[in-house]
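Reminder, nothing fancy here: chain letters follow the sequence lines and each chain counts from 1. In this text the structure is predicted, and so the values were computed from the model without any measurement.
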Amino acid sequence: MRATAAEETQSGTLFLLCLASWAIPGAGHLWLGRRSKGLIFLVALPLMFAIGVAIRGRLFPFELADPLVGLAALANLGIGATYFIAGALGYGGGDVRAVTYEYGNAFLIVAGLLNMLVVIDAYDVAMGRKS
Amino acid sequence: MKSHLLLMAIFAFFVSLVFAVITKDDTREQLRFGGMMFGGFLASALVLGWLMYPFPL
């Protein structure tokens with residue numbers, strides 16, 4: 001069964017919404033008019049990521065040979081554009097000798113995972129499953 | 001910034017904040033849920049820390 005033009009337009013908009021929400025934390029909520037929620041995500045998640053970088057956490061490489069490193073890289077990627085900006089500026093190398101290294105990794109990984117939850121929440125709001 | 005307790009509190013704050021904002025819509029409910037989650041993080045970390053105090057034996 002072929003999708004109607006309206007359904008295709010809606011799915012296209014949903015895809016763009018999720019992409020925006022992933023790339024810029026909180027953008028999906030701002031798009032949907034949830035200004036206060038969007039602003040909180042927009043500030044909190046990049047700040048959490050920045051703290052992770054500042055305390056010498058590491059942005060993990062995509063190494064499929066080591067599944068845990070690969071999963072950590074996937075979680076890091078969840079923060080969106082901030083991940084690529086940090087990488088391009090040379091941040092996120094990590095320092096395993098630093099006493100805060102593991103804490104930094106936790107901040108970076110969890111910031112990405114939380115942003116994935118935010119994307120799912122924006123999708124649910126757009127679908128009318130949440131107010 | 002090398003204080004593990006402070007870093008743990010900051011981590012707990014951010015996680016509690018995002019979960020409270022995602023799960024609740026009303027500001028009072030968000031504050032209540034976020035506060036309880038933040039307190040739970042701190043309390044469980046302190047209790048677990050003291051329970052692990054004798055190790056390694």
**Asked** Hey, is CZ on A:Phe62 packed in by over 12 heavy atoms from elsewhere, all under 6.0 Å?
**Response** yes
**Asked** chain A contacts: which residues in residues 32-54 of chain B have a non-hydrogen atom closer than 4.5 Å to it?
**Response** none
**Message:** Taking A:Met116 as the starting point, is it possible to reach A:Phe60 by hopping between hydrophobic residues whose side chains are less than 4.5 Å apart?
**Reply:** yes
**Prompt:** Going by heavy atoms in the side chains, are B:Phe11 and A:Ile51 under 4.5 Å from each other?
**Reply:** no
**Message:** If we define contacts as heavy-atom pairs under 4.5 Å, which of B:Val15, B:Thr27, B:Ile10, B:Val18 has the most with chain A?
**Reply:** B:Val18
**Message:** With a 6.0 Å cut-off (strictly less than), is the heavy-atom count around CG of A:Leu30, excluding the residue itself, greater than 12?
**Reply:** yes
**Carboxylate-amine/guanidinium contact A:Lys37 B:Asp25, below 4.0 Å** = yes
**Fill in**
Between A:Tyr103 and B:His4, the two heavy atoms sitting closest are OH-O, 3.2 Å
**Message:** Can you tell me how far apart CG (A:Leu45) and CZ (B:Phe14) are? Round to the nearest 0.5 Å.
**Reply:** 8.5 Å
**Request:** Using the rule that two of Ile, Leu, Val, Met, Phe, Trp, Tyr join whenever any of their side-chain heavy atoms come within less than 4.5 Å, decide whether A:Phe107 and A:Phe84 are in one cluster.
**Result:** yes
**Prompt:** Using a cut-off of under 4.5 Å for heavy-atom pairs, which of A:Val125, A:Leu114, A:Ile40, A:Asp121 has the most such pairs with chain B?
**Reply:** A:Leu114
**Asked** If you group Ile, Leu, Val, Met, Phe, Trp and Tyr by side-chain heavy-atom gaps below 4.5 Å, do A:Ile79 and A:Leu42 land in one group?
**Response** no
**Message:** Can you tell me which portion of A:Val110 sits under 4.5 Å from chain B's heavy atoms? Options are side chain, backbone, both or neither.
**Reply:** side chain
**Message:** Please classify the contact between A:Leu113 and chain B as side chain, backbone, both or neither, with a heavy-atom cut-off of under 4.5 Å.
**Reply:** neither
**Request:** Sort B:Ile22 into side chain, backbone, both or neither according to what part of it lies under 4.5 angstrom from a heavy atom of chain A.
**Result:** both
**Asked** Would you say A:Arg34 and B:Val21 make side-chain contact, with heavy atoms under 4.5 Å?
**Response** no
**Message:** Side-chain heavy atoms nearer than 4.5 Å, only ILVMFWY residues, links allowed to pass through others: does that put A:Met48 and A:Leu39 together?
**Reply:** no
**Message:** Which atoms of B:Phe13 are under 4.5 Å from chain A, going by heavy atoms: the side chain, the backbone, both sets, or neither?
**Reply:** neither
**Fill in**
Distance col, row A:Thr100:OG1 vs B:Leu7:CG, nearest 0.5 angstrom, shows 7.0 Å
**Item:** Cluster check A:Ile24, A:Ile85: I/L/V/M/F/W/Y, side chain < 4.5 angstrom
**Value:** no
